[in-house]
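Inspection log for the structure reproduced underneath, given as structure tokens.
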Amino acid sequence: MFESDFERNLFALRREKLNQISALGQQTYPNQYTATHTIPEIWAKYRETTAEELEAHRIQVSVAGRIMAIRGQGKAGFAHLQQNGERLQIYVRKDDVGEENFLLYKLLDLGDHIGVTGYLFRTRTGELTIHVQTITFLAKAMLALPEKYHGISDIELRYRQRYVDLFTNSTLNEGGPDEIRVRDVFIKRAKLLKAIRNFFDTRGYIEVETPMMQPIAGGAAARPFVTHHNTLDMDLYLRIAPELYLKRLVVGGFDRVYEINRNFRNEGISTQHNPEFTMLEFYQAYANYHDLMDLTEEIIKQVAQEVNGTTITHFNGHEIDLGKWRRFSMREAIIEFWPESAGAKPAIEDFNSEATAAALVERLRAARIHIEYKPGEPLGKTIATIFEAVAEDHLIQPTIIYDFPLAVSPLSKQKPDEPDWVERFEFYIAGFELGNAFSELNDPEEQRKRFEDQLKQRQGGDEEAHQMDEDYVRALAYGLPPTGGEGIGIDRLTMILTGARSIRDVILFPLLRPHHTPEE
RNA sequence: GAGCUCGUAGCUCAGCUGGUAGAGCAACGCCCUUUUAAGGCGUGGGUCCUGGGUUCGAAUCCCAGCGGGCUCACCA
């Protein structure tokens with residue numbers, strides 16, 4: 001627990017102060033405190049009240065909070081109490097609180113929790129302040145708070161000791177139009193979740209919870225985490241997606257379902273990837289991917305309005321309007337964003353054969369654009385890779401990319417007129433993918449074939465290829481109505497709405513390697 | 001997993017081409033009854049991330065490791 005002798009000594013010293021506080025007749029760890037207001041309530045109610053009004057009608061209040069600043073003045077003193085992210089000044093005079101309470105005040109440290117009663121006034125400089133009459137001790141900070149002006153700026157410390165980060169409430173993107181405090185990031189995240197639930201609840205969707213531990217990790221292409229159930233003596237996978245269970249529910253007659261929950265993928269970590277992340281998935285019977293495109297724009301617009309009061313957001317130096325959307329087919333996007341350095345733009349026919357697609361790869365490589373390509377891989381996979389290499393960085397403003405190759409979409413329905421392409425889209429904001437949606441494949445025989453193809457790729461060494469899920473095929477065999485389904489990354493959407501540039505800034509306790517203190 | 005980069009007091013940071021570690025905040029003591037990054041006087045606080053190496057001498061240079069950040073890869 002202790003970082004140093006300094007901390008150990010400080011702890012002992014505070015322990016001694018607790019004894020003295022106890023000797024003053026205060027409980028050292030009392031069980032409750034009854035306040036008349038929270039600090040935000042005081043501000044909401046009396047922000048505009050003048051000094052004269054406060055003097056004329058003495059307003060008695062009691063509030064509780066954590067001491068975040070304290071200034072002694074001999075036989076008086078000022079302190080700032082913080083509660084729910086807001087601070088209110090208190091003024092303590094020996095004359096007014098009495099000998100014992102003033103001794104208590106002298107024993108207080110930065111970080112301590114106290115309750116005070118008193119009346120509101122304005123100081124010489126006009127600051128709304130409580131003129132304290134009694135102090136009640138509530139809890140002690142046994143460790144030193146971070147630097148009072150800068151707070152904690154060490155990113156590692158912020159993530160490891162989020163509890164400190166939150167009450168010091170340090171700033172992200174300082175000085176920019178996207179400046180935001182840590183606490184507000186997580187308040188917005190909560191609002192976002194509420195807005196999404198509101199969106200779906202009012203449209204007749206029901207919220208469900210499906211297994212997080214699954215015997216077959218399906219519904220996405222990713223390496224799973226493995227765990228073990230002792231009594232059943234079976235390995236289970238932490239889910240990589242809820243998809244296949246949610247579609248079983250549509251078979252079961254829940255025409256509109258959604259789930260907001262964690263997915264786990266045993267993959268790399270980056271500013272856009274955390275091993276556990278929160279995903280919204282929703283399914284709507286009788287809808288196709290066109291319906292979902294319209295719905296997607298509506299969701300994002302409405303959520304932005306509810307969370308930020310505007311569809312304008314700032315991310316990494318870009319102003320983004322979440323109310324204005326573009327749509328390209330994947331092939332159109334490749335042509336649209338084809339780099340000049342790689343010569344003339346491709347023609348739409350170039351996507352029709354492996355040879356012409358491979359030629360595009362060669363042109364990109366000649367232009368020193370890194371692109372993964374294995375000769376003999378399916379044409380659709382090559383096209384998807386080209387899209388990612390060429391277009392993704394340009395998709396700063398909200399953009400829907402539709403019509404994906406069948407080869408990379410084992411669960412999507414083919415386009416009636418182009419069987420090598422499926423009714424699938426992804427949407428991008430700020431240069432990264434936020435969501436993925438498609439008209440769900442509901443033909444059990446076709447689904448079985450797709451799984452078998454995936455199995456072949458798996459045997460060929462692709463660890464992320466889908467496994468066979470017999471029960472899911474059986475569910476489809478009972479009849480899945482035409483259905484549209486979509487997944488939206490909640491962490492990433494939070495990033496877009498808060499301007500946080502790292503996914504770790506929107507996850508309260510992001511995964512870090514264990515850190516060993518000298519004592520361990 | 002790879003490349004680059006950072007790691008000095010509880011916190012925020014300085015410390016030059018190598019000469020044996022500093023400031024502010026916080027802490028401790030004293031003074032101060034409208035202050036607010038309060039102020040004044042004084043005091044204590046260091047495994048300079050860890051382990052090797054080079055050197056008369058290493059926070060500083062070199063190597064390895066640990067942890068963080070960024071970029072790339074994988075992926076959403």
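Note: hydrogens, waters and symmetry copies are ignored here, and every other heavy atom, side chains too, is used. Proteins get letters first, then strands, A, B, ... in listed order; numbering begins at 1 in each. Predicted, not measured: the structure shown is a model, and the values here were computed from it.
Remark: side-chain polar atoms of A:E259 are paired, donor with acceptor, to backbone N or O of A:T210 under 3.5 angstrom.
Taking atom CZ of residue A:R265 and atom P of nucleotide B:rA76, one finds them 5 Å apart after rounding to whole Å. Atom NE2 of A:H466 and atom P of B:rA76 are 11 Å apart (whole Å). Straight-line distance from the CD atom of A:E464 to the C1' atom of B:rA73: 12 Å, rounded to whole Å. As rounded to whole Å, 14 Å separates atom P of B:rA76 from atom CG of A:N266. Separating the CD1 atom of A:I371 from the P atom of B:rC72 is a distance of 15 Å, rounded to the nearest angstrom. Residue A:I269 contributes atom CD1, which lies 14 Å from atom C1' of B:rA73 at whole-angstrom precision. The nearest whole Å value for the distance from the CD atom in A:E243 to the P atom in B:rA76 is 12 Å. A:I70 places its CD1 atom 17 Å from the P atom of B:rC32, with the value rounded to the nearest Å.
A:L13 comes within contact range of the sugar-phosphate backbone alone, with a heavy-atom separation under 4.0 Å but no base atom that close. The residue A:T168 sits apart from the nucleic acid: no heavy atom pair falls under 4.0 Å. When heavy atoms are screened at a 4.0 angstrom cut-off, A:A221 is found touching the sugar-phosphate backbone but no base atom. Using a 4.0 Å heavy-atom criterion, one finds that A:R14 contacts the sugar-phosphate atoms exclusively. Across all strands, A:G489 comes closer than 4.0 Å to no nucleic acid atom at all (heavy-atom distances).
Nucleotides B:rC70 and B:rC30 have their C1' atoms positioned 49 Å apart, rounded to a whole Å. Using atom C1' as the reference point in both B:rG67 and B:rC41, the two lie 41 Å apart (nearest Å). Between B:rG68 and B:rG52, the two P atoms lie 24 Å apart (nearest whole Å). Taking the P atom of each, B:rG39 and B:rU54 are spaced 50 Å apart, rounded to whole Å. B:rG44 and B:rG29 have their C1' atoms separated by 11 Å, given to the nearest Å. Taking the P atoms as reference points, B:rA73 lies 35 Å from B:rC11, given to the whole Å. B:rG18 and B:rG57 have their P atoms separated by 15 Å, given to the nearest Å. Nucleotides B:rG19 and B:rG15 are separated by 14 Å at their C1' atoms, to the nearest Å.
For A:Y428 and A:F337, the distance between ring centers is not under 6.0 angstrom.
Listed nucleotides: B:rA76, B:rA73, B:rA27. Nearest to the side chain of A:H370: B:rA73. Side-chain proximity of A:L10 to B:rC32, B:rA27, B:rC70: nearest is B:rA27.
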Open item on the list: Can you build the contact string for nucleotides 7-13 of chain B? Use B for base contact, S for sugar-phosphate-only contact, and - for no protein heavy atom under 4.0 Å.
Closed with: ---BBSS
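When each of A:L246, A:I299, A:I196, A:V257 is tested with A:F282 by the rule side chain to side chain contact (heavy atoms under 4.5 Å, CB included), just one qualifies, namely A:I299.
Summarising the geometry, atom NZ belonging to A:K188 is positioned 14.0 Å from atom CZ belonging to A:R183; distances are rounded to the nearest 0.5 Å. In this structure, CE in A:M330 is found 10.5 Å from CD1 in A:I386, a value given to the nearest 0.5 Å.
By the ring-ring contact (aromatic ring centres under 6.0 Å, His included) test, A:Y402 pairs with no residue at all, sequence neighbours left out.
In the region residues 372-406 of chain A, proximity to RNA chain B at under 4.0 angstrom, judged on heavy atoms, holds for A:E372.
Pair assignment for B:rG51 gives B:rC63, based on Watson-Crick or G-U wobble hydrogen-bonding distances that are each under 3.5 Å. The partner of B:rC70 is B:rG3, judged by Watson-Crick or G-U wobble contacts that both fall below 3.5 Å. In this structure, B:rC56 forms a base pair with B:rG19, meeting either the Watson-Crick or the G-U wobble geometry with both donor-acceptor distances under 3.5 Å. Remark: B:rG29 base-pairs with B:rC41. Criterion, Watson-Crick or G-U wobble with two distances under 3.5 Å.
Contact check, A:R504 against B:rC70: a side-chain N or O comes under 4.0 Å of OP1 or OP2. Listed pair A:R492 / B:rA76 fails the phosphate criterion, with no side-chain N or O lying under 4.0 Å from OP1 or OP2. Remark: A:S270 is not in phosphate contact with B:rC74, judged by side-chain N or O atoms under 4.0 Å from OP1 or OP2.
A:Y289 and A:K413 form no side-chain donor-acceptor contact under 3.5 Å, judged by distance and modelled atom types alone. Side-chain atoms of A:E281 and A:Y283 form a donor-acceptor pair, as typed in the model, at a separation below 3.5 Å. Using modelled atom types, one finds a donor on one side chain and an acceptor on the other under 3.5 Å when comparing A:T382 with A:E377.
Sorted by first and then second residue, the salt bridge (charged side-chain N to carboxylate O under 4.0 Å, His left out) pairs involving residues 52-79 of chain A (not counting sequence neighbours) form an empty list. Residue pairs that meet the salt bridge (charged side-chain N to carboxylate O under 4.0 Å, His left out) test with at least one member in residues 424-438 of chain A, sequence neighbours left out, are A:R424-A:E426.
Checked for salt-bridge contact, A:D165 and A:R162 meet the test: a charged N lies under 4.0 Å from a carboxylate O. Salt-bridge formation is detected for the pair A:D491/A:R189: a Lys NZ or Arg NE/NH1/NH2 atom is positioned less than 4.0 Å from an Asp or Glu carboxylate oxygen. Electrostatic pairing of A:R87 and A:E127 does not count as a salt bridge here, judged by no charged N lying under 4.0 Å from a carboxylate O.
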Sort me out a list of protein N/O and nucleotides 33-35 of chain B N/O pairs below 3.5 Å, or just none if empty.
{"unit_1": "B:rU33", "atom_1": "OP2", "unit_2": "A:Q73", "atom_2": "O", "d": "3.1"}
{"unit_1": "B:rU33", "atom_1": "OP2", "unit_2": "A:K75", "atom_2": "N", "d": "3.0"}
{"unit_1": "B:rU33", "atom_1": "O2", "unit_2": "A:R93", "atom_2": "NE", "d": "3.1"}
{"unit_1": "B:rU33", "atom_1": "O2", "unit_2": "A:R93", "atom_2": "NH1", "d": "3.4"}
{"unit_1": "B:rU33", "atom_1": "O2", "unit_2": "A:R93", "atom_2": "NH2", "d": "3.4"}
{"unit_1": "B:rU33", "atom_1": "N3", "unit_2": "A:D95", "atom_2": "OD2", "d": "2.9"}
{"unit_1": "B:rU33", "atom_1": "O4", "unit_2": "A:D95", "atom_2": "OD1", "d": "2.3"}
{"unit_1": "B:rU33", "atom_1": "O4", "unit_2": "A:D95", "atom_2": "OD2", "d": "2.9"}
{"unit_1": "B:rU34", "atom_1": "O2'", "unit_2": "A:R124", "atom_2": "NE", "d": "2.8"}
{"unit_1": "B:rU34", "atom_1": "O2'", "unit_2": "A:R124", "atom_2": "NH1", "d": "3.0"}
{"unit_1": "B:rU34", "atom_1": "O2'", "unit_2": "A:R124", "atom_2": "NH2", "d": "3.1"}
{"unit_1": "B:rU34", "atom_1": "O2", "unit_2": "A:R124", "atom_2": "N", "d": "2.7"}
{"unit_1": "B:rU35", "atom_1": "OP1", "unit_2": "A:R124", "atom_2": "NH1", "d": "3.2"}
{"unit_1": "B:rU35", "atom_1": "O2", "unit_2": "A:R71", "atom_2": "NE", "d": "2.7"}
{"unit_1": "B:rU35", "atom_1": "O2", "unit_2": "A:R71", "atom_2": "NH2", "d": "2.8"}
{"unit_1": "B:rU35", "atom_1": "O2", "unit_2": "A:Q89", "atom_2": "OE1", "d": "3.3"}
{"unit_1": "B:rU35", "atom_1": "N3", "unit_2": "A:Q89", "atom_2": "OE1", "d": "2.8"}
{"unit_1": "B:rU35", "atom_1": "N3", "unit_2": "A:Q89", "atom_2": "NE2", "d": "3.0"}
{"unit_1": "B:rU35", "atom_1": "O4", "unit_2": "A:Q89", "atom_2": "NE2", "d": "2.6"}
{"unit_1": "B:rU35", "atom_1": "O4", "unit_2": "A:T123", "atom_2": "OG1", "d": "2.8"}

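Of the two residues contacting RNA chain B, namely A:A220 and A:L511, the nearest-nucleotide position lying further toward the 5' end is that of A:L511.
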